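The structure appears right after this line, and notes come after that.
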Amino acid sequence: MPELPEVETVRRGLTQLIVPSTITGVEVFWDKIITPPFSSQKFCDNLYGETIHAIERRGKYLIFLMDHWAMISHLRMEGKYKVCPSDQVIEKHTHVVFHLHDGRDLRYLDVRKFGRMTLVPVAMAKDAIKALNLGPEPLPQCFQVEEFSLQLKKRHRAIKPTLLDQSLVAGLGNIYVDEVLFRSKIHPLRMTDNLSEDEIQVLHDQIIAVLGQAVEAGGSTIRTYKNTLGEEGTFQQALLVYGQTDQACVVCGTPIQKIKVAQRGTHFCPVCQVLR
DNA sequence: TGATGTGTTGGGTG
DNA sequence: CCACCCAACACATC
């Protein structure tokens with residue numbers, strides 16, 4: 001499901017629903033979701049009696065802050081959290097169940113089983129997050145154009161894979177990269193080290209704007225994604241190129257093309273986004 | 001029925 | 001440093 005806007009929407013929904021809640025038991029049905037250092041058994045043991053005091057987000061990661069532990073969770077492609085009464089039938093693809101003190105469950109579902117969660121001592125949470133090697137959050141006060149420009153110039157690589165890499169700026173995925181590049185009039189294969197200062201400024205501003213607007217809209221509902229409250233995001237209506245193959249470009253009317261870049265489906269307007 | 005594509009990340013190889 | 005391929009998985013679509 002998730003790029004930053006969807007993860008942020010999940011964070012807000014979960015915060016509203018379960019902060020604070022005390023965990024009275026955990027069941028893991030697919031061990032590989034739980035990554036080291038703890039086995040899934042130890043994971044369950046450690047969480048017994050812990051109260052979830054806050055849920056934070058860094059890039060596309062969710063961070064559940066508890067008494068002694070922080071749980072770092074990544075939804076990867078299709079991970080979802082739902083909250084429901086604990087007597088509700090466990091639906092297909094449910095891999096982790098957290099029983100809460102008030103008779104509800106927090107459940108993790110993931111059709112493809114790609115998502116991951118891990119536990120670190122809460123005092124180590126800052127260090128663990130640092131070790132993820134994420135770039136700044138795409139907010140004006142965190143994401144500085146000077147540093148962004150410096151980083152772009154010192155590598156020789158196409159812009160799309162560079163933005164998908166989370167180390168320059170955190171939170172962009174396949175959908176929003178295509179949207180940001182279209183709005184910046186930059187071809188996805190453009191080399192980062194020959195972007196002009198003006199282009200970099202536009203790109204920087206569009207990253208902040210697009211992700212910000214998508215958060216406001218509650219994310220995009222593509223395929224299966226719904227937020228924790230069961231609502232659909234509305235930003236998919238604002239997508240100008242993603243999934244618009246052969247549709248007329250909203251700026252010039254040229255059919256949107258789909259190509260493969262960095263092994264990912266990539267949508268762009270061949271007239272608005274010229275490769276130079 | 002088989003091939004292909006899907007919102008992610010990390011590891012290996014050349 | 002970078003590009004590419006693959007793995008983890010299930011399901012929809014062509």
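Fair warning: this is a prediction, and the values are worked out from it, not measured in the lab. Chain naming here is simple, since letters A, B, ... match the order of the sequence lines and numbering starts at 1 in each.
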Open item on the list: Using the P atom as the point on both nucleotides, what is the distance between B/dA3 and C/dC6, in whole Å?
Closed with: 14 Å
TODO: For A/R155 and A/Q151, test the side chains for any donor-to-acceptor distance below 3.5 angstrom and give the result as yes or no.
DONE: yes
Open item on the list: How many whole angstroms separate atom CG of A/L4 from atom C1' of B/dT8?
Closed with: 14 Å
- [ ] Write down the distance between CZ (A/F114) and C1' (B/dT6), rounded to a whole number of angstrom.
- [x] 9 Å
Task: Whole angstrom value for the distance that separates C1' of C/dC11 from CZ of A/R76 - done: 19 Å
Open item on the list: Taking the side chain as everything from C-beta on, heavy atoms only, tell me whether A/T94 gets closer than 4.5 Å to A/K82.
Closed with: no
Task: Side-chain donor-acceptor contact under 3.5 Å, A/H267 with A/D178 - done: yes
- [ ] State, with a plain yes or no, whether a side-chain heavy atom of A/Y242 is found less than 4.5 Å away from one of A/N174.
- [x] yes
- [ ] Considering just the side-chain nitrogens and oxygens of A/H156, establish if one lies under 4.0 Å of OP1 or OP2 belonging to C/dA3.
- [x] no
TODO: Using only side-chain N and O atoms of A/K258, determine if any of them is under 4.0 Å from OP1 or OP2 of B/dT6.
DONE: yes
- [ ] Please report, rounded to the nearest Å, how far the P atom of B/dT8 is from the CD1 atom of A/I33.
- [x] 17 Å
TODO: Compare side-chain N and O positions of A/Q166 against OP1 and OP2 of B/dT9 and report whether any pair is under 4.0 Å apart.
DONE: yes
Open item on the list: Taking C/dC9 as the reference, what is the distance to B/dT1 when you measure between their P atoms (whole Å, please)?
Closed with: 24 Å
- [ ] Mind calculating the distance between CE (A/M191) and P (C/dC2) to the nearest angstrom?
- [x] 9 Å
Task: Below 4.0 Å: OP1/OP2 of B/dT8 and any side-chain N or O of A/K60 - done: yes
Open item on the list: Which nucleotide, if any, forms a Watson-Crick or G-U wobble pair with C/dC9, using both distances under 3.5 Å?
Closed with: none
TODO: Would you mind classifying the nucleic acid contact of A/R155 as base, sugar-phosphate or nothing, using non-hydrogen atoms under 4.0 angstrom?
DONE: sugar-phosphate
TODO: For A/P161 and for A/R116, locate the closest nucleotide of DNA chain C by heavy-atom distance; then report the residue assigned to the nucleotide nearer the 5' terminus.
DONE: A/P161
TODO: Tell me yes or no: between the side chains of A/S73 and A/Y81, is some donor less than 3.5 Å from an acceptor?
DONE: yes
Open item on the list: Measuring only the P atom in each nucleotide, how far is B/dT8 from C/dC1? A whole number of Å is fine.
Closed with: 24 Å
Task: Rounded distance (Å) that lies between atom C1' of C/dA10 and atom NZ of A/K80 - done: 11 Å
Open item on the list: Any donor-acceptor pair under 3.5 Å linking the side-chain atoms of A/D165 with those of A/S167?
Closed with: yes
Open item on the list: Under 4.0 Å from OP1 or OP2 of C/dC9: is there any side-chain N or O of A/K32 that close?
Closed with: yes
TODO: Looking only at side-chain atoms of A/R112, point me to the closest of C/dA10, B/dG10, B/dT8.
DONE: C/dA10
Open item on the list: OP1 or OP2 of C/dC11 versus the side-chain N and O atoms of A/K92: is any pair under 4.0 Å?
Closed with: yes
Open item on the list: What's A/A158 touching, base or sugar-phosphate or nothing? Going by heavy atoms closer than 4.0 Å.
Closed with: sugar-phosphate
Task: Short side-chain N/O contact from A/H74 to OP1 or OP2 of B/dT9, under 4.0 Å - done: yes
Task: Spacing between A/L189 atom CG and C/dC2 atom C1', to the nearest angstrom - done: 14 Å
Open item on the list: Please report the distance, rounded to the nearest Å, between CG in A/D165 and C1' in B/dT8.
Closed with: 12 Å
Open item on the list: Is A/K260 close enough to B/dT6 that one of its side-chain N or O atoms is under 4.0 Å from OP1 or OP2 there?
Closed with: yes
Open item on the list: C/dC9, OP1 or OP2 - any side-chain N/O from A/W30 closer than 4.0 Å?
Closed with: yes
Open item on the list: Is A/R157 close enough to C/dA3 that one of its side-chain N or O atoms is under 4.0 Å from OP1 or OP2 there?
Closed with: yes
